[in-house]
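Per chain, numbering begins at 1; letters A, B, ... match sequence-line order. On a predicted model such as this, the values are computed, not experimentally measured, just so you know. Note that these values count all heavy atoms, side chains included, but never hydrogens, waters or copies made by symmetry.
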Amino acid sequence: MKPPPFKYHDPRTVAETVELLARNENAKILAGGQSLMPMLNMRYVQPDHVIDINRVEGLSYIREAGGRLEIGAMTRQREIEYADLVARRAPIVREAILNVGHRQTRNRGTLGGSLSHLDPAAELPLVSAALEATVHVQGPKGKRDIAMAEFPAGYMSPSIELDEMVIGVTLPVWPDGHGYGFVEFSRRHGDFAIVAAAVLLDVEAGGKIKRASVTVGGVGPSPVRCRDAEKALTGEKGAEAAFRAAAETCRTIDAMEDVYAPAWYRQHLATVMTRRAMVAAFGRAANAR
Amino acid sequence: MKDMRKVSVTVNGKSYAREVETRLLLSDFIRHELELTGTHVGCEHGVCGACTILLEGRTARSCLMLAVQVDGANITTVEGIAPSEKELHPLQQAFMDNHGLQCGYCTPGMLTTLIEFLQDNPDPTEHEVRVAISGNLCRCTGYQGIVDAALDAAKRLQGGKRA
Ligand code: FES
Ligand code: FES
């Protein structure tokens with residue numbers, strides 16, 4: 001239960017970091033360490049180089065620009081949890097974060113770290129997908145943007161090159177008064193979810209749903225957008241039966257099977273979690289009443 | 001060849017300087033190098049919370065950090081939370097009075113966790129306390145005594161403001 005030997009680097013800039021990534025084979029970036037450190041302790045990963053980016057300048061910020069939220073890769077989950085700006089403009093992110101680990105791990109854990117680790121059931125990739133985030137990465141050849149929908153290349157594998165790193169995320173903001181719901185099923189509080197659902201609803205005056213975003217985590221290898229459910233919700237007025245029918249479309253999602261749960265159970269949970277998240281989201285929408 | 005680094009750190013108000021291997025965990029640094037064995041190690045992969053310390057006043061699991069990462073930092077361990085040799089911190093006193101510990105293995109992590117929590121949320125509900133300690137495993141008390149102690153400490157720390 002001790003990390004294997006490695007060469008430790010603590011660069012001060014992103015440019016230095018990507019240069020180290022490009023130059024050294026079998027290197028791992030150490031961000032908040034709440035996933036990498038256990039993996040090192042258990043020797044699931046045995047990097048020759050650990051590049052600690054905790055002293056890199058300029059990667060920790062939360063700001064609003066052009067009607068979007070911009071969050072730096074090294075922004076701690078706690079800072080996001082306590083940021084007024086996030087609570088006002090993207091309250092679903094705060095709601096999701098309260099389910100991420102525990103206070104102790106949120107003090108260290110980062111947004112960029114969670115996205116790069118890309119656990120199938122992790123909350124932050126899930127809300128990033130629900131909000132259609134853009135992930136900003138930087139490599140030796142410069143910066144590029146990746147839409148969250150394209151960011152996962154497969155199970156726990158982001159579609160970034162070995163010499164690239166995530167530097168920040170831009171989150172589109174929904175209109176004031178939109179409804180949001182984040183619901184998850186886990187065995188214990190703070191565990192990764194077995195299945196989690198994120199729902200955003202834009203409800204127009206009169207109570208009709210104008211736009212819906214329905215996303216589930218923990219079902220497929222990465223967050224899955226439920227387009228059929230979104231279509232089914234659009235134009236609805238919040239009837240229990242409509243939510244039930246929309247949620248039922250999630251039963252056909254291709255589901256993973258592992259020691260924790262068989263595929264049919266994850267699909268079943270997807271219908272239950274999305275329905276609950278829809279009800280919660282509608283209840284919060286300013287125009288729902 | 002071993003990858004070594006110098007680490008200077010302030011723990012409980014005292015400065016220490018050591019040269020350590022870069023892969024040394026902060027938990028092992030605190031216990032073996034600084035010989036502050038109040039910080040306990042239960043799982044070494046971030047699950048049990050026994051190793052929780054306060055880093056610049058914020059809780060962190062010391063088994064999920066490298067010693068080199070705290071160079072220049074300020075740390076408080078369980079040894080540093082009481083106001084003096086003779087006096088317990090109100091939270092420690094509340095643990096004693098409410099059967100908040102039995103074997104004491106989880107206690108350092110419970111105390112550091114709850115110190116931060118009660119600063120964040122000075123007047124918590126029982127449910128909020130239970131969520132706050134959900135990342136700390138106790139195999140003795142069944143948690144009830146710990147929850148009682150935390151609620152009692154909240155009252156004491158507020159100077160009896162709460163009825
Ligand atoms: S020893 Fe660090 S969390 Fe268990
Ligand atoms: S008192 Fe023994 S583990 Fe908590």
[Y] and [X], any side-chain heavy atoms less than 4.5 Å apart:
X      : Y     : value
B/R23  : A/V50 : no
A/L30  : B/M65 : no
A/P5   : B/D3  : no
A/H102 : B/R61 : yes

_Contact winner vs chain B - A/G32, A/G101, A/P4, heavy-atom pairs under 4.5 Å_ =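 With the most close heavy-atom pairs to chain B, the winner is A/P4.
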*Where do A/F6 and B/T22 come nearest, in terms of heavy atoms and distance?*
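Heavy-atom minimum between the residues: O-OG1, 3.7 Å.
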Under 4.5 Å from any heavy atom of chain A, what part of [X] do you find: side chain, backbone, both or neither?
X      : value
B/L64  : both
B/R130 : neither
B/S134 : both
B/V47  : neither

*Sort out for me which of B/V131, B/L55, B/V68 touches chain A most, counting heavy-atom pairs under 4.5 Å.*
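Top option by heavy-atom pairs under 4.5 Å: B/V68.
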*Do you know which of B/L24, B/T113, B/V41 has the most heavy-atom pairs with chain A at a distance under 4.5 angstrom?*
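Winner by heavy-atom pair count: B/T113.
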For [X], does the [atom1] atom have more than 12 heavy-atom neighbours from other residues, nucleotides or ligands under 6.0 Å away?
X     : atom1 : result
B/E19 : CD    : yes
B/M96 : CE    : no
A/L98 : CG    : yes
A/Y61 : OH    : yes
B/Y16 : OH    : yes

Toward chain B, the part of [X] with a non-hydrogen atom under 4.5 Å:
X      : result
A/D191 : neither
A/R78  : side chain
A/M1   : both
A/R108 : side chain

*Does A/N107 use its side chain to pair, donor to acceptor, with the backbone of B/T59 at less than 3.5 Å?*
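Flag set: sc A/N107 to bb B/T59 pair under 3.5 Å.
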*Are the side chain of A/N54 and the backbone of B/Q69 linked by a donor-acceptor contact shorter than 3.5 Å?*
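No, because the side chain of A/N54 does not come within donor-acceptor range (under 3.5 Å) of the backbone of B/Q69.
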Atom [atom1] in [X], atom [atom2] in [Y]: separation rounded to 0.5 Å?
X      : Y      : atom1 : atom2 : value
B/E44  : A/N41  : CD    : CG    : 6.0 Å
B/M1   : A/K7   : CE    : NZ    : 8.0 Å
B/I133 : A/R103 : CD1   : CZ    : 12.5 Å
B/S62  : A/Q104 : OG    : CD    : 11.0 Å

